[in-house]
Number of protein chains: 2
Amino acid sequence: MNIRHLTFRLLQVYVDVIQTGSISESAKRLHLTQPTVSLQLKRLREAVGDPLYTLEHNQVVATDAGLELYRICQQTLSNFNDFNQYLGSIQAGQRGHFSIAMVSTAQYILPRLLGPFSQRFPAVDIKLEIGNREQVLRRFEQGQDDLYVFSHPPSLEHACAGRFLLNPLTLVAPASHPLAQQQNIPFADLMKQRFLLREQGSATRMLFESWLQTHGLTLASSVQMASNEAIRVGVSSGMGLAVLSSHVLPAHDQSIVALDVADFPIESHWYFIARNDRHLSPAALGFLRFAQQHLEECLGKQWARNDLQRLLSALS
Amino acid sequence: MNIRHLTFRLLQVYVDVIQTGSISESAKRLHLTQPTVSLQLKRLREAVGDPLYTLEHNQVVATDAGLELYRICQQTLSNFNDFNQYLGSIQAGQRGHFSIAMVSTAQYILPRLLGPFSQRFPAVDIKLEIGNREQVLRRFEQGQDDLYVFSHPPSLEHACAGRFLLNPLTLVAPASHPLAQQQNIPFADLMKQRFLLREQGSATRMLFESWLQTHGLTLASSVQMASNEAIRVGVSSGMGLAVLSSHVLPAHDQSIVALDVADFPIESHWYFIARNDRHLSPAALGFLRFAQQHLEECLGKQWARNDLQRLLSALS
DNA sequence: TCCAACCATTGATAATTATCTATGGATTGT
DNA sequence: ACAATCCATAGATAATTATCAATGGTTGGA
């Protein structure tokens, strides 16, 4: 049998002929003329090299080989049919996979979107990549992921951003801090204290420093720490003060408080970013749509800042 | 996805590309140029309608859809490969089916060939059709079976016959018959007795009557019975005499004996018949070959009359 | 930064396939 | 025995497919 001469069209016609048992009948059903079907069968017969059917009382009856071929054809056609469905569900974003790279701070908030999304679309695999800002930026440049989450979005080429969440940066202190109860504290009162800061390049640190600059201030003393956790523990144990995203502070942690400092909190936002120079997987697109629709219920009305519609239009 | 634009060639190329991860490499392996393979992939992509792969570090990596397609392609190709094997075994006569129509007398001898054949080729299905001579002749005329077994072969158009077995017709009587011990009995001494005969058209009857005619004799009294069993029981219970194939007489039956009549037994033979105007299935051909080779060991050297080689050459 | 390797596209050609109409031969049913 | 039905084949044409050589754009590594 020479498989290279087989066509899917051939299989379709053959299956139909075996099912109807009549060449003329199949021709009608397939909107072809009878000779066309005859010829298809002839070609199939020649490709296979063995007789596939006999005519008995003008009925097309498959031989052993023909019957086996019929089975295989059916299975094959149905496989490709299933594949078609599969493609459909990929297109609809109900299946597939995508990856999100995010700076570590985002890991406190993104699960509240990803959880409900996963429940709704269990066949979508999601890969989470977490790193500091520098690492995530590199991933973006190399286009290693479908989506990126930043606060203070990079103004890079090919970046397409959509704001989705308020990210207030508050000034936190240990609960025992002398100014803990005071209101509208001038920042000057805190300048002598030690501040715990994330590494250079961290969005929180950038925003804080930019705030300081705007107000013409400089810190007296600072310590650099690699993670928000370390900073949080540091603050609650009295090492110093810090500026942290409100989302990082667990509601039930009594050992740490936000100070009511003038011109605080610093306002910033979280953004979804995608590259506009490459095709976004339907699954990722589906996730953005989901986020756009369920933002408030997942993240809370007071935090949501939904600019995702613009991002979605830009990507479609 | 438009399945009608798919070719098996396309699938083969695609599978190879996914396996090697390189278009150029596949081109080499398939003895094609690189643009040819690129073009095939392009066509496949267009037929499917979704991206199937991405280039990562110059490596072809399947997308979700591409991977699923790859699996289906592999399965399909391997199915057709198996089918090829299957065709081979049909060709070799190791698989398939055929039918034999035989006159009822033949059922005493054919199983001794069919048994060993089935053991040797368990994947071959055999259908046995048993009837009287008239019925089997009709089946032959309508070409309903692959092989036919007759004694006294019909001289019909399109019939191709091969003798394979001696079929002596003996004159039998009850063990208590007065002439049971006598030798070389003249037939005239038996003419007055009642004879049990098969129906008109039965080969045994035809041969017996032809024998009578040759010797210018006529029976005084006869009774027609529908089966060899009925005749045998009839003879052993003293209803009369009969002419029966030796193969019909069980060796251990003491109640019935062959008389030593002059010019008896009448010599006749069994024949395999096939139509030479239609294709004989490989399985049937395989059976004839088997019979030709194992005739003596299955049916006994003293009975075998092997002219099957001629039949086989006439059919191939 | 430049070269080599890789993939994509273009333009061209030969082969194959899909399909029709018209016709002939075989089978079936009346 | 004849008409109807069915399948096969021939001849013709348009569409599609298979394949190549040449060339251009990307990417990764030296």
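Here is the naming used below: chain letters follow the sequence lines, and residue numbers restart at 1 for every chain.
A donor-acceptor contact under 3.5 angstrom links the side chains of Arg205(B) and Gln224(B), judged on distance only. A donor and an acceptor atom, one from each side chain of Gln74(B) and Ser78(B), are nowhere located under 3.5 Å apart.
For Leu55(A), whose side chain is taken as the heavy atoms from C-beta onward, the closest listed nucleotide among dC7(D), dA8(C), dA18(C) is dC7(D). Looking at the side chain of Tyr53(A), the nearest of the listed nucleotides dT19(C), dC20(D), dA8(D) is dA8(D).
We find that CG of Leu44(A) is positioned 18 Å from P of dT16(C), with the value rounded to whole Å. Note: CG (Asn58(A)) to C1' (dC6(D)) measures 5 Å, nearest angstrom. One atom, CD of Gln59(B), and another, P of dA5(C), lie 16 Å apart when rounded to the nearest Å. Taking atom NZ on Lys42(B) and atom P on dA18(D), their separation rounds to 14 Å, with Å as the unit. Following rounding to the nearest Å, Ile23(A) (CD1) and dT5(D) (P) show an atom-to-atom distance of 17 Å. The separation between Leu6(B) atom CG and dT16(C) atom C1' is 17 Å, rounded to whole Å. Look at CG on Leu39(B): it is 19 Å from P on dC6(C), rounded to the nearest Å. Nucleotide dT9(D) holds its P atom 11 Å from the CG atom of Leu41(A), rounded to whole Å.
Heavy-atom nearest nucleotides on DNA chain C were determined for Pro35(A) and for Leu10(A), and the one closer to the 5' end corresponds to Leu10(A). In terms of position along DNA chain D, the nucleotide closest to Gln34(B) lies nearer the 5' end than the nucleotide closest to the other residue of the pair Gln34(B) and His57(B). Residue Arg43(A) is the one, among Glu56(A) and Arg43(A), whose nearest nucleotide of DNA chain C lies closer to the 5' end (criterion: closest heavy atom).
A centroid separation of less than 6.0 Å is found between the aromatic rings of Phe8(B) and Phe80(B). The distance between the ring centers of Tyr148(A) and Tyr271(A) does not fall below 6.0 angstrom.
For dC20(C), the OP1/OP2 oxygens have a side-chain nitrogen or oxygen of Thr36(A) closer than 4.0 Å. The phosphate of dT9(C) (OP1 or OP2) has no side-chain N or O of Ser38(B) nearer than 4.0 angstrom. Side-chain nitrogen and oxygen atoms of Thr33(B) include none within less than 4.0 Å of the OP1 or OP2 phosphate oxygen of dT19(D). Within the structure, every side-chain polar atom (N or O) of Arg4(B) is placed at least 4.0 Å from both OP1 and OP2 of dT16(D).
Note on Leu32(A): only backbone sugar-phosphate atoms sit closer than 4.0 angstrom, heavy atoms only; bases stay farther off. Residue Ser24(A) is in sugar-phosphate contact alone, with no base atom involved, counting any heavy-atom pair closer than 4.0 Å across all strands shown.
Glu68(A) and Arg71(A) are joined by a salt bridge, as a carboxylate oxygen and a charged side-chain nitrogen come within less than 4.0 angstrom of each other.
With hydrogens and angles ignored, no donor-acceptor pair under 3.5 angstrom links the side chain of Gln40(A) to the base of dA18(C).
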